[in-house]
Amino acid sequence: MARNPLRDRIAVVGVGSTPYGRDLRRSHLSLGLEAAINAIRDASLDKREIDGICGSGMTPLAQGGAGFLSLQGALGIESCTWVLNSWLGSAFVYAAQAVFSGLCDVALVVQTYLREPGMSRAAGGDPFRRALQKFGDIGGDIGGSDFAKRWVHSGEPYAAWMKRYMHNYGTNKDAFAYMALNNRSHGARNPAAVMKEPISLDDYYASRVIWEPMQVFDMDVPVDCGEAQIITTAERARDLPQKPVYIHAMSLGGTRCGEYYENTLGWTENSHWVAQRGLWARSELTLPDIDLFYPYDGYTADAIGVVEAAGYCKPGETGDFFKSNWDPIANVLRLNGRTLVTTHGGGLAQGRAGGANFYSEAVRQLRGTEEYRQVGGAKSALIGIGSFFHDPSAVILRTV
Amino acid sequence: MRNPIDDSYVFELYPDIQLTRDNIEHYRALAERRLVINHCSDCGYWIYPHRPLCPECWSWNVRPEEIGGFGAVFMFTLLHQLRDSKNLIHPINVAAVELDEQRGLRYLARVVNCAPQEISHGMRVQLTWIEIDGKEWPAFEPIRTGKG
C-alpha cells in the first residue's frame, strides 16, 4: 500500500454547469463564470470564502479565457492563496491536493470548452472561433510543416492505437461500439445532453469513418460548455447544506512518453495504467465496492483503456466483457450485474468537457439528487479521466 | 542550397518550426537530406524527441547521428477527413515506424509507394524522401524483395 493521508478528509461541496450547445455564442470566460457562480451557490458559500482557483487551459495570459487570472478578477474575489490552470483529469486532483496541503481551504475548479473552428463548416465560418484559435492556442509549433511532429497534441494516435489494439488482441471494434451505445443511451435520458438519440450497433458501424478505424461515433461531441466544482475540507463540508461527497483516494499518472505521442511503448503502458495503479495502491476498496464507473470518453479508445487499466477485465477482453455485461432492455452496460457506466452520457452524448462533466455527474449521483435519472443506493464512484499521454486522473469519490 | 547551412539559414528554411538549441541539428541534417537522431556516446541509447541528456545514464555526451533507415510499421491510421472537415478523396496515411536501432524508437512519417490498404502492422520499411512544398522530408516505403 502507498500512503493515503487524505483518505475521506477532502470533499466536493458544490457543482455547477452551464447549458451545453453547439453554438452558445459565448466566450470561455463567460461560460466559466456561469459554471463558477452555479457551483458557489450550489455550495451555499460566499465568494469571499473561495481562496483557491484552478482555471481552465494551460496559458494564464490567454485573454478571454477561463484561466485563474481572468476568473478571479471577473468573479470579484479579492485574494487567493493558491492558483493554477490545468485541464482534463488533473485539474480536480490539483485542487483537492491544494486543500489537503493547506494552501487554501475552499478551491474552485473551472473547466470550459468551445467548439473549435475545424470541427464543422459552421464553426469554421464563425469569426469569434477563428480568432480564438489564432490567439488562444496552447503554444508550440503544433500543425507546422514537419510531418514527424503531427502527433504532438493530436487525436490521430488514438485511431492508430485502436487499430493496434485490434491487431494485438485479434478483436473487432465491438468494445468501442458498446461503449458508444452505452453513452448514447444514457445521454438520451439526460436533458443536458446534446446528442439525445440512442444508437444501435448497426448505426455505429455505419457511421462515417474519420481516421481509420475510428468512426464519428467514437469521438466526443464538440460543444460550448463550462463545468465547475468546489472542494473543501471534510470538516467544513459537514457544516454546509449539501451532502458531502468525499475524495477517498486519487492519483495522477506520468509516463516517459513525452510530447511525441508515437512514443508510448505499449497499450498497457499509457497514463491510465499508471494512474489506476496509483489509485488502487491507495485504497482498501476493490472493484466490487464500486457502484458507478466513469471512464472518460474523449475517444472510445480512452474509455476502453480506463476499463482495462481499472482491472474490470484483462487487456484485449473488453469486447467480450461488455457483451456479457450488457443490459439489452435499457441498452446500457451493467458491469458485474449492477455497476452503471457514464450515467450522464459522457463526452459522446452530453458533450465534450474534457471529463469535467464526469466529476460533476458523479457528485450529483452520489448526493442522490437526480430524480428520475438517479441510480438507487449509489455510494461510491470510480473515475478515470485524461489523455493516454498527459493529465490523467484516477479518483474514487464516496459518501458515508 | 547555401553552404554551410548555418543557424540563420536553418531558421530561414523552417520558419514554422520551433527551433531550439536541442533540435536544430535535426533540422540542419534534414536540409542535407539526412535523418539524424540523438545518440548517447556513453551508453548507446537513442534519444527521441531531441533532448540534450541521455535518460538512461544521464550522460550529456549526446550526439545527433544518422540512422540506418530501416524499421517496421508499429501503428498507423488512414485519415479520411482532416480538421477542416473536407472529405479526402484518397486517405492520407500516418505511420509510427519503429526504427531497427531500438525498441520503442518511433519516427512519424508517411508510407509511400504503397497502396493505403497494403499497409500493415510489422511491415518492413526503409527510409526514402518526399518533396512537400519545395522541401525534402523523410518518408518510408515498403522493402520490396526480388525487385529488378
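Proteins get letters first, then strands, A, B, ... in listed order; numbering begins at 1 in each.
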- Message: With a 6.0 Å cut-off (strictly less than), is the heavy-atom count around NZ of K314(A), excluding the residue itself, greater than 12?
- Response: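 Incorrect, the count does not exceed 12.
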- Message: So for atom CD, which belongs to E197(A), do other residues, nucleotides or ligands contribute more than 12 heavy atoms lying within a distance under 6.0 Å?
- Response: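 Open.
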- Check: M179(A) and Y299(A) side chains under 4.5 Å, non-hydrogen atoms: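 Not in contact.
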- Item | Plane angle bin for Y158(A) and F388(A) - parallel if under 30°, tilted between 30 and 60°, otherwise perpendicular |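 Plane angle between 30° and 60°, so tilted.
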Taking side-chain contact (heavy atoms from CB on, under 4.5 Å) as the definition, give me every residue that meets it alongside [X], ordered by chain and number, with sequence neighbours left out.
X: D218(A); answer: M162(A), F176(A), Y204(A), M214(A), Q215(A), T300(A)
X: R34(B); answer: A29(B), E32(B), V36(B), E66(B)
X: A72(B); answer: R124(B)

- Item | Engaged part of N93(B) at the chain A interface, taking heavy atoms whose separation is under 4.5 Å |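 Interface part for N93(B): backbone (N, CA, C, O).
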- In terms of heavy-atom proximity below 4.5 Å to chain A, should F74(B) be classed as side chain, backbone, both, or neither?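 Backbone plus side chain of F74(B), per the 4.5 Å heavy-atom cut-off to chain A.
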- Could you tell me which of G122(B), A109(B), P116(B) has the largest number of non-hydrogen atom pairs under 4.5 Å with chain A?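 With the most close heavy-atom pairs to chain A, the winner is A109(B).
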- Can you name the residues of residues 41-63 of chain B that have some heavy atom under 4.5 Å away from a heavy atom in chain A?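 Hits under 4.5 Å: Y45(B), Y48(B), P49(B), H50(B), R51(B), P55(B), E56(B).
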